[in-house]
Each structure stands twice: as structure tokens, then as C-alpha cells.
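Before any comments, here is the structure.
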Amino acid sequence: MKKVSVLIPCYNEEASLPLLYTELAKVMDSCQSYDWEVLFINDGSRDNTLSVIKDLRQMDVRISYVDLSRNFGKENAMLAGFDYVTGDCMVIMDADLQDPPSLILDMLKYWEEGYEDVYAKRNNRGKETWLRRSFSLLFYNILKHSSRFDVLPNVGDFRLLDRSCIEALKKLRENERYTKGMFCWIGFKKKEIIFNRGDRVVGKSNWNYWSLFNLAIEGITSFTTTPLRISTISGILIAFLSLALMLFYFFKAVIWGDPIQGFPTLVVLILFLGGIQLLSIGILGEYLVRVFNESKHRPVYIVREYNGKKESF
Ligand code: UDP
Ligand code: MG
């Protein structure tokens, strides 16, 4: 019998887990032709998430868990999941029921047809502010126009991946992670299904503008070097422009003389160039930071406990 794993990263989800379990159990019970595994990754929750998971495990043998030693963030928690799932395929979903478990059955259908990555695309983005939506669109546009493969907009981590995809993803062990891009980067046969993303049932989103901004920078810097190219190109353009300007001022001075003027121009030019330089150094720094972090070769996550068994490090 084929085994289906459901991977659920959890951070402070004590309230949503029982609801999620009821929904998941319905799906699993309705589809007995597969072996099921539900793998919770407890990403250093500060509430009782772990004991809720342990209680569920007492009730249902299909439940497993990995307890991380602290909060590593969803991206890292997902890699822990890739390493520990045992199924022939894996469905990644959020703990807050924003991803409807009933969709898993549709995904399995396509998987049986031979698709290796069945991703759910939301046709709405739930209750979201206009500002957040526009930033998100801008981000996808930047990525789309600057990388060799498409990072799909409105597609989250909710998807079914075949074992071959899981093995591929396990090889991508960078510390600065942008998993959404990795799903596209690894390729494989993809299939899209559309769904309505609901709002969180309980609790509140762990993302704020700052963390989303950081994720966007992560996404851009880990999948494209176009910003570096842009700063090079603007450097060249400005250099040529200033050369032309120099010649112009020189001949102007020779022909018409040079009454001392042009103070505003000078200030504007200095500020403009200073700005461009700082921006370019900043961009350079972003990439350098990543080289620095990767060169430390630290593990992406640390496990305290797997299914009650202590991991030794
Ligand atoms: N999550 C996590 N670690 C974190 C933050 C979030 O494992 O540091 C999990 C969280 O428990 C949930 C999923 O990632 O299952 C998505 O989080 P959230 O609902 O806050 O994000 P959103 O739905 O707003 O994108
Ligand atoms: Mg959510």
C-alpha cells in the first residue's frame, strides 16, 4: 500500500490543532486505500502545541512529530519535515486550516495520474489589506522578470510532492531558505488546482510586514543576481552621463566663460550619486551576508525529539 505523509509545520497552534485533526481524520478515514502519516513539526512553539500533538499521538498512531529545539521559522521547519517524512508522497499544509484538507483527495487523484507536484493555487487571497496585496504582486513581478524559471504568484506551500521531489528538495540545504522558489527550481511535472483560501480559524498570522519584507528579500537574493547587475549597469550609465556632462561644461566654459553658478546642480548630483552608491553597497551586502551565512555550514534546524525519542547532537 502506498503511504501518504501530511507535513504540518506548527508554531503556537495549540488552538487550531484539534480542529485540524478532526478535519484531517475525516479525509484519512474516507480514503483507506493509503497508509497515512501526519507529521507535525513543532517549530519551538511557546504554548502547549507539543503536548496537544502528544495527546493526539496517543489517540492515533498515524501521527508523528518532530520537536525542534527552538523556533527556526517555517522555511527551516519544512526542511526538517522533508527529512523526516516517510511517505511515497507528501502533502504540505498549514496548521491553521487555511488550506482545506479536503483538497488532498483531489491532489492524490492527480498524483495517481503521474503528476509529481500538484500545487494549490488560491483564486482569492483571503482577507488581506490592499497594501499587502500590492507588495506581494510587485515582488512576484520582480522575480518573474529576473529569474530563469517562474515563481508562481498566489501559490503557497500547500501542495502534494512525489518522493522524487522530496529527495530533490532534501539536496537544497541552504540556510537562507525560500522554499516557494525551490519548488519551482527543482522542476518536475506540475499540476495546478484552484481553491478558495479561507481565513485563519483561530489565532493570528505569524507574519507581519517586516517578516514579509525579509522573506521577499530572501526570495530575490536567493534566486536572482539581477539586482547586482542593475547596480553595475546604473554605475556604467551614470559614469557615461557624467563624462558627457563634463565635456559639456568644459566647452561651455571655454566658449561662454564660467560665472560661478550651478550650486543646486552640484548638491543634487552629489546626493543622487551618494544614494546610488549606498544602494549598491547595500545590495552587495545582502549577497555577501548570504555567502557569509552559508559558509558557516550550520545545520538548518536542530531536532530535540522525534516521536518521543531524544535526538543526540
Ligand atoms: N509557522 C512555523 N514557524 C514559524 C511561523 C509559522 O512553523 O515561525 C507555521 C504556522 O504554524 C502555520 C504556517 O507556518 O502552520 C503558516 O503560518 P501563518 O498562518 O502564520 O502564515 P500565513 O497563513 O499568514 O501565511
Ligand atoms: Mg495562515
Side-chain angles (χ1 to χ4, degrees), residues 5-21 23-24 38-53 56 63-85 90-101 103-104 119-129 131-133 135-137 139-140 151-159 175-183 195-216 218-219 300-305:
S5 296
V6 183
L7 165 62
I8 304 169
C10 311
Y11 177 58
N12 297 344
E13 301 281 3
E14 59 175 1
S16 38
L17 285 186
L19 301 168
L20 174 73
Y21 173 71
E23 290 295 312
L24 263 179
V38 181
L39 178 68
F40 291 104
I41 310 293
N42 178 35
D43 185 17
S45 301
R46 283 168 219 282
D47 61 0
N48 289 320
T49 302
L50 185 64
S51 57
V52 173
I53 297 173
L56 290 173
I63 288 177
S64 297
Y65 66 89
V66 173
D67 183 30
L68 301 184
S69 62
R70 65 168 169 87
N71 178 251
F72 282 91
K74 184 184 179 189
E75 306 293 316
N76 300 29
M78 278 197 287
L79 180 68
F82 303 159
D83 289 338
Y84 280 83
V85 286
M90 153 184 87
V91 178
I92 309 171
M93 58 188 296
D94 285 1
D96 55 8
L97 278 171
Q98 275 183 301
D99 306 328
L103 218 63
I104 295 176
Y119 59 86
K121 183 180 169 129
R122 6 180 229 261
N123 69 358
N124 64 336
R125 297 183 53 96
K127 262 193 226 122
E128 238 182 10
T129 58
L131 192 67
R132 184 167 161 173
R133 196 168 24 241
F135 276 137
S136 164
L137 266 179
F139 165 70
Y140 283 119
V151 174
L152 304 155
N154 287 345
V155 175
D157 300 319
F158 184 29
R159 60 178 68 223
N175 277 283
E176 313 279 337
R177 303 185 69 76
Y178 182 64
T179 317
K180 234 181 284 193
M182 294 178 183
F183 295 137
F195 80 113
N196 281 319
R197 186 166 160 98
D199 290 312
R200 222 171 209 288
V201 277
V202 278
K204 62 176 189 353
S205 171
N206 295 304
W207 297 98
N208 51 33
Y209 279 109
W210 179 237
S211 57
L212 280 173
F213 175 71
N214 282 329
L215 188 70
E218 208 65 75
V300 177
Y301 61 87
I302 289 177
V303 175
R304 178 190 292 132
E305 194 181 327

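Position 1 is the first residue of the sequence; numbering continues from there. Whatever order the structure lists them in is the order used to number ligands and atoms, beginning at 1.
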At under 4.0 Å between heavy atoms, what of Lys74 touches ligand 1? The answer is both
Within the 4.0 Å heavy-atom cut-off, what Asn71 brings close to ligand 1 is side chain
Identify, by atom number and element, the atoms of ligand 1 in contact range of [X], meaning under 4.0 Å from any of its heavy atoms.
X     : value
Asp94 : 13 (C), 15 (O), 16 (C), 23 (O)
Cys10 : 7 (O), 11 (O)
Asp96 : 19 (O), 23 (O)
Asp43 : 2 (C), 3 (N), 4 (C), 7 (O), 8 (O)
Glu13 : 10 (C), 11 (O), 12 (C), 15 (O)

Would you check if [X] and [Y] make a side-chain contact, meaning some heavy-atom pair closer than 4.5 Å?
X      : Y      : value
Val155 : Phe183 : no
Leu7   : Val91  : no
Val66  : Tyr301 : no

- Item | Derivation of the side chain to side chain contact (heavy atoms under 4.5 Å, CB included) call for Phe82 and Thr179 | CA-CA 11 Å; Phe82 303 159; Thr179 317; 4.1 Å; yes
Here the gap from Lys180 atom NZ to Glu218 atom CD, rounded to the nearest 0.5 Å, amounts to 12.5 Å
Flag Ala95 as yes when one of its N or O atoms lies below 3.5 Å from any N or O atom of ligand 1, and as no otherwise. yes
Would you say Thr49's side chain and Glu13's backbone share a donor-acceptor pair under 3.5 angstrom?
yes
Quiz item: Between the main-chain N or O of Asp96 and the side-chain N or O of Asp94, is there a donor-acceptor pair closer than 3.5 Å?
Solution: no
Closest to the Mg ion (ligand 2), among the N/O/S atoms of Asp96, is atom OD2
